[in-house]
Protein chains: 2
Amino acid sequence: MEAALTLFAERGYLGTSMKDIAGLLGLRAPSLYNHVDSKQELLREIMVRTMNELLNSHRAVIATSADVVEQLRRAMETHVIYHANNPRDVRIGNAEIQNLEEPVHGEILRMRDEYSASWQSIIERGVREGRFDSPSPRLSSFAMLEMGIGVSMWFRPGGPLTVAQLGYYYGDMALRLVNAAPAAVGRAGAAMAGVVIPAQVDVHRS
Amino acid sequence: MEAALTLFAERGYLGTSMKDIAGLLGLRAPSLYNHVDSKQELLREIMVRTMNELLNSHRAVIATSADVVEQLRRAMETHVIYHANNPRDVRIGNAEIQNLEEPVHGEILRMRDEYSASWQSIIERGVREGRFDSPSPRLSSFAMLEMGIGVSMWFRPGGPLTVAQLGYYYGDMALRLVNAAPAAVGRAGAAMAGVVIPAQVDVHRS
DNA sequence: CCTACCGATCGGTAGG
DNA sequence: CCTACCGATCGGTAGG
């Protein structure tokens, strides 16, 4: 699984052979079939586990507050931190959906829909409560999800930014996107999140 | 090229065979070699053309104004409209970089770097001029680029939103992300952009 | 865990 | 434009 994770993320599912995976482990390709039924099973396990973890983290974190501003901030922090900590998994999850066979393919799509719908409903509620301003909660949620996914493409640990700081900053951007009440945005929330964020941060080239 | 564009976007470069491409054209696979040298050439042409168009559009549009707020808005409109109008090209451009051979692979990476650097420098200048607020122009530019790329994954023409409206809305989101002076954000700019945007818009499921 | 091997498919060429 | 064909590689199995 670990070898498949690395190679699928680097070269893609179709660009990785069972011989490649075995080679990374110092084995011959046929030996892998003592541990897995098929190459497809490796992809299936990676994608199901990843989507479950993301969805469970999301559900858990939005249950920690009834305040919609705080929910959005924490959802974005969780989203970004997951993508920063699991870049190989989420790269595979986003790039290889079309290589997943049924019925798992359909299940993953349903989980993605549920995740996306939860974000949209948070924003809709924020608008309804007068805390957010958004001409289209659907577009706003797409923008937020997408910007967080992008983190998996460039973030590397050991840079000037910790994952917690990264999460806080993206949470801030999510609130800006829906013009959340200024009092709730910016440095005010940093202490609460247990994060010290410098006034000016930037990362080096990946 | 048209057939390759469709199939590479749907199934990926490695998931598409020359036989598939020929089949879509009612031909046999070997006949394709009267028109192209290799499968790799098809990918190369798609990616070079796409990246050139995006970069040229970007350079042209930021030259139309010296005002940094207007530059950022128009850059985002152009970015999003290009992604909405050319979903197959940009999907391939983002998914198949690792399948491009040298030296084109390196050239495409350089063009992406240039594009990304231009966005970052716009935001840095906006901050310097006191028009934008951003703790990290680099992170802000990543977020903007990424949210625009996402449009290629779900936008379909014929929905309730035109590409021009879509572009305007994303331009608005870009300005929100850097807390651009409120006077420059929101409905005020819509007429100037020649776009009528309803107070509440939303798209149906793709 | 290995070697030996299977049928299928790949990108591409020969030759007309 | 086609048929016939090439060597290479694929995922997976047999058998020990």
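Labels below follow one simple rule: chain letters A, B, ... track the order of the sequence lines, proteins then strands, and each chain is numbered from 1.
Helical stems involving DNA chain D, defined as 3 or more consecutive Watson-Crick or G-U pairs under 3.5 Å, span C:1-16 with D:1-16.
Remark: the backbone N or O of R49(A) is not paired with any side-chain donor or acceptor of N52(A) at under 3.5 angstrom. Using a distance-only test at 3.5 Å, with no hydrogens or angles considered, no donor-acceptor pair links the side chain of E41(A) to the main chain of V36(A).
Counting to the nearest Å, the C1' atom of dG12(D) and the CD1 atom of I21(A) are 13 Å from each other. Atom C1' of nucleotide dT13(C) and atom NZ of K19(B) are separated by 18 Å, given to the nearest angstrom. Between the P atom of dT9(C) and the CG atom of L14(B) lies a distance of 17 Å, rounded to the nearest Å. Atom P of nucleotide dC10(C) and atom OH of Y13(B) are separated by 13 Å, given to the nearest angstrom. Distance CG (L25(B)) to C1' (dC1(D)): 13 Å, rounded to an integer number of Å. Rounded to an integer number of Å, the gap from OH of Y33(B) to C1' of dC6(D) is 13 Å. Atom CG in L32(B) sits about 10 Å away from atom P in dG11(C), given to the nearest Å. For the pair Q40(B) CD and dG12(C) P, the interatomic distance rounds to 9 Å; values are reported in whole Å.
With sequence neighbours excluded, the residues forming a salt bridge (Lys or Arg N to Asp or Glu O under 4.0 Å) with R59(A) are E114(A), listed by chain and number.
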Just the atom pairs and distances: protein N or O near nucleotides 2-4 of chain D's N or O, under 3.5 Å.
residue : atom : partner : partner atom : Å
dC2(D)  : OP2  : R28(B)  : N            : 3.1
dC2(D)  : OP2  : S31(B)  : OG           : 2.2
dT3(D)  : OP2  : R28(B)  : NE           : 3.3

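E53(A) and N56(A) form no side-chain donor-acceptor contact under 3.5 Å, judged by distance and modelled atom types alone. Between R74(A) and S65(A), the side chains place no donor N or O within less than 3.5 Å of an acceptor N or O (distance only, hydrogens not considered). Side chains of S57(B) and T78(B): no donor on one and acceptor on the other come within 3.5 Å.
Residue pairs meeting the ring-ring contact (aromatic ring centres under 6.0 Å, His included) criterion with at least one member in residues 78-113 of chain A, sequence neighbours excluded, are H79(A)-H83(A), H79(A)-Y115(A), H79(A)-W119(A).
Taken residue by residue, residues 97-104 of chain B places no heavy atom nearer than 4.0 Å to DNA chain D.
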For residues 7-15 of chain B, which side-chain N or O atoms pair as donor and acceptor with protein atoms under 3.5 Å away, sequence neighbours left out?
residue : atom : partner : partner atom : Å
R11(B)  : NH1  : D20(B)  : OD2          : 3.3
Y13(B)  : OH   : Q40(B)  : N            : 3.2
Y13(B)  : OH   : Q40(B)  : NE2          : 3.2

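Separation of atoms CG (L175(B)) and CZ (R176(A)) is listed at 12.0 Å; rounding is to 0.5 Å.
Between I97(A) and M47(A), the closest heavy-atom pair is CG1-CE, 4.1 Å.
R128(A) and E124(A) are not joined by a salt bridge, as no carboxylate oxygen comes within less than 4.0 angstrom of a charged side-chain nitrogen.
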